[in-house]
Amino acid sequence: MPGGSVNITCVAVGSPMPYVKWMLNSEDLTPEDDMPVGRNVLELNNVRESANYTCVAMSSLGIIEAVSQIIVKSLPKPPGTPIVTETTATSITITWDSGNPEPVLHYNIQYRAKSPESKFETMESIATTRYSIGGLSPNTEYEIRVSAVNTIGQGPASEPVEARTGEQAPASPPRNIQARIISHSTMMVRWEEPEEPNGQIKGYRVYYTMDPSQSMNLWQIHNVQDSMITTIQNLVASETYTIRVLAFTSVGDGPFSDPIHVKVLQGVPGQPSRFQISEVSDTAIELTWEPAFEKEGIISYELRYKEGSQGNL
């Protein structure tokens with residue numbers, strides 16, 4: 001590690017016994033007037049760089065040299081900022097540059113959803129510089145960073161990259177469906193956004209029917225955009241309607257809400273139609289008509305008339 005300490009020992013034996021000194025390049029590290037015989041221990045403190053130290057043994061017989069290499073190992077440098085190469089609704093694929101001239105053992109990836117309360121999760125022992133992080137939430141912004149590991153330990157993390165996963169159809173239905181009758185032929189339906197929208201909600205579909213045993217594709221559909229409240233008209237009085245609501249994104253429809261039921265109250269009858277004279281005699285006139293709606297529950301009709309001038313009704 002940079003800043004560490006190490007002792008290196010040089011031993012030389014001969015007859016006569018040689019003097020021993022240490023050198024760094026051309027610099028003498030052992031004073032001439034304090035040169036030991038046969039053995040020299042070099043104490044190195046606060047070592048910052050790798051270097052070759054030369055042990056020199058000298059006697060009347062000659063000079064011999066031996067080189068001792070000191071290698072300073074440090075934590076790896078941060079890898080390059082990850083690059084996002086592919087995203088799906090549940091995965092993000094990244095690549096990165098090692099950022100280290102020396103080989104590393106492996107990489108660790110940390111990622112989290114980009115929110116203040118989110119904590120980093122770690123994928124360890126990644127052997128390559130490309131990886132796909134799976135099991136993510138749809139339509140969520142993530143922060144991702146990479147660090148390298150060597151024999152010393154884990155180095156600092158890279159600069160983070162941010163990426164958003166793709167959308168999916170909603171995973172849950174709209175919540176708190178409510179319906180209220182506001183006239184004899186109109187109801188108001190309201191709801192709340194799904195808990196798991198999985199993307200930007202593009203709209204809602206309100207399905208309703210008087211016969212819930214029918215297949216859903218036979219129900220009537222009322223589409224709603226940019227709102228979570230709507231009115232549905234032209235209902236049949238005194239009938240009970242079953243209502244279900246779903247949300248949809250650009251990818252597709254989500255699940256249906258649980259059904260709710262609402263009964264249309266009987267209101268004031270509509271104006272009869274096809275009112276006409278069917279037969280006339282000297283003392284009677286026969287009139288016919290049809291109700292405005294088939295199921296209005298009409299109890300009776302009231303007929304009003306007045307006598308006009310002779311020759312006119």
Side-chain angles (χ1 to χ4, degrees), residues 75-100 103-177 191-207 216 223-228 244-258:
L75 292 173
K77 297 178 181 179
T81 304
I83 298 172
V84 177
T85 59
E86 183 181 1
T87 60
T88 70
T90 58
S91 70
I92 298 174
T93 301
I94 58 172
T95 63
W96 61 92
D97 181 74
S98 172
N100 287 273
V104 299
L105 296 179
H106 57 259
Y107 300 92
N108 294 339
I109 297 174
Q110 292 182 308
Y111 65 95
R112 68 176 178 181
K114 195 179 176 186
S115 61
E117 66 277 6
S118 294
K119 296 182 179 180
F120 278 103
E121 297 186 53
T122 303
M123 307 292 293
E124 297 183 331
S125 301
I126 309 302
T128 65
T129 55
R130 182 182 186 276
Y131 193 78
S132 181
I133 306 169
L136 305 180
S137 299
N139 193 45
T140 302
E141 189 86 12
Y142 282 90
E143 179 182 353
I144 307 167
R145 63 192 188 188
V146 182
S147 58
V149 179
N150 64 11
T151 55
I152 303 299
Q154 178 174 312
S158 67
E159 290 295 321
V161 66
E162 296 175 2
R164 178 175 290 274
T165 52
E167 293 189 355
Q168 277 187 337
S172 60
R175 298 172 292 147
N176 300 330
I177 314 301
W191 57 88
E192 296 177 8
E193 187 177 88
E195 288 186 354
E196 300 177 78
N198 283 351
Q200 182 180 357
I201 298 297
K202 295 295 186 180
Y204 298 88
R205 306 192 208 283
V206 181
Y207 285 68
M216 292 297 299
N223 291 313
V224 182
Q225 290 182 324
D226 302 323
S227 180
M228 287 182 284
R244 304 182 74 178
V245 185
L246 64 78
F248 61 90
T249 65
S250 60
V251 178
D253 292 352
F256 285 102
S257 65
D258 291 334

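Here the structure is a predicted model, which means the values were calculated and not measured.
Two residues are said to be in side-chain contact when any heavy atoms from C-beta on lie closer than 4.5 Å; Ile94 and Ile144 meet this criterion.
Applying the side chain to side chain contact (heavy atoms under 4.5 Å, CB included) rule to Thr87 yields the partners Val84, Ile92; only residues at least two apart in sequence or on another chain are considered.
Between the CG atom of Asp97 and the CG atom of Asn100 there is a distance of 9.0 Å, given to the nearest 0.5 Å. With rounding to the nearest 0.5 angstrom, the CD atom of Glu124 is 11.0 Å from the CD1 atom of Ile109. Taken from CD1 in Ile152 to CG in Leu75, the straight-line distance is 7.0 Å, to the nearest 0.5 Å. Note that CE of Met228 and CD1 of Ile201 are 9.5 Å apart. Values are rounded to the nearest 0.5 Å. Of the inter-residue distances, the one linking Asn198 atom CG with Ser172 atom OG reads 7.5 Å to the nearest 0.5 angstrom. Rounding to the nearest 0.5 Å places OG of Ser91 at 9.0 Å from CD1 of Ile133.
Outside the 6.0 Å centre-distance limit, the rings of Trp96 and Tyr131 are not counted as a close aromatic pair. Residues Phe256 and Tyr207 place their aromatic rings such that the two centres sit under 6.0 Å apart.
Considering all non-hydrogen atoms of both residues, Thr165 and Ala89 come closest at CB-O, 3.5 Å. Listed here is the closest heavy atom pair of Pro255 and Pro170: CD-O, 3.2 Å. Across all their heavy atoms, Pro79 and Pro156 have their closest contact at CD-O, 4.1 Å. When all heavy atoms are compared, the tightest approach of Gly254 to Ala169 is N-CB, 4.5 Å. For the residue pair Tyr204 and Phe248, the shortest heavy atom distance occurs at N-CE2, 3.4 Å. Across all non-hydrogen atoms, the minimal contact from Pro194 to Pro174 is CG-N, 4.0 Å.
Side-chain contact check for Glu167 and Ser250: at least one donor-acceptor pair (N or O, by modelled atom type) lies under 3.5 Å.
Applying the side-chain hydrogen bond (donor to acceptor under 3.5 Å, both in side chains) rule to pairs touching residues 148-160 yields Asn108-Gln154, Ser147-Gln154, sequence neighbours excluded.
Listed for the Ser137 side chain is no donor-acceptor partner under 3.5 Å among the backbone atoms of Thr140. At distances below 3.5 Å, at least one donor-acceptor pair connects side-chain atoms of Thr249 with backbone N or O atoms of Gln168. Within the 3.5 Å criterion, the main-chain N or O of Val245 finds a donor-acceptor partner in the side chain of Ser257.
Atom CZ of Arg175 has more than 12 heavy atoms from other residues, nucleotides or ligands within 6.0 Å. Within a 6.0 Å sphere centred on CD of Glu141, heavy atoms belonging to other residues, nucleotides or ligands number more than 12.
The pair Glu162-Lys114 meets the salt-bridge criterion, with a side-chain N (NZ, NE, NH1 or NH2) lying under 4.0 Å from an Asp/Glu carboxylate O. Ionic pairing of Arg205 and Asp253 is present here: one or more N-O contacts between side-chain nitrogen and carboxylate oxygen are shorter than 4.0 angstrom.
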**Q.** Worked check of side chain to side chain contact (heavy atoms under 4.5 Å, CB included) between Tyr111 and Met123
**A.** CA-CA 8 Å; Tyr111 65 95; Met123 307 292 293; 3.8 Å; yes
Q: Please step through side chain to side chain contact (heavy atoms under 4.5 Å, CB included) for the pair Ser98 and Tyr107, ending with a clear verdict.
A: CA-CA 9 Å; Ser98 172; Tyr107 300 92; 3.0 Å; yes
**Q.** Steps toward side chain to side chain contact (heavy atoms under 4.5 Å, CB included) verdict (Arg130, Thr93)
**A.** CA-CA 7 Å; Arg130 182 182 186 276; Thr93 301; 3.6 Å; yes
Q: Start with the C-alpha gap between His106 and Ile126, add the side-chain angles, then the distance that decides, and say whether side chain to side chain contact (heavy atoms under 4.5 Å, CB included) holds.
A: CA-CA 5 Å; His106 57 259; Ile126 309 302; 5.8 Å; no
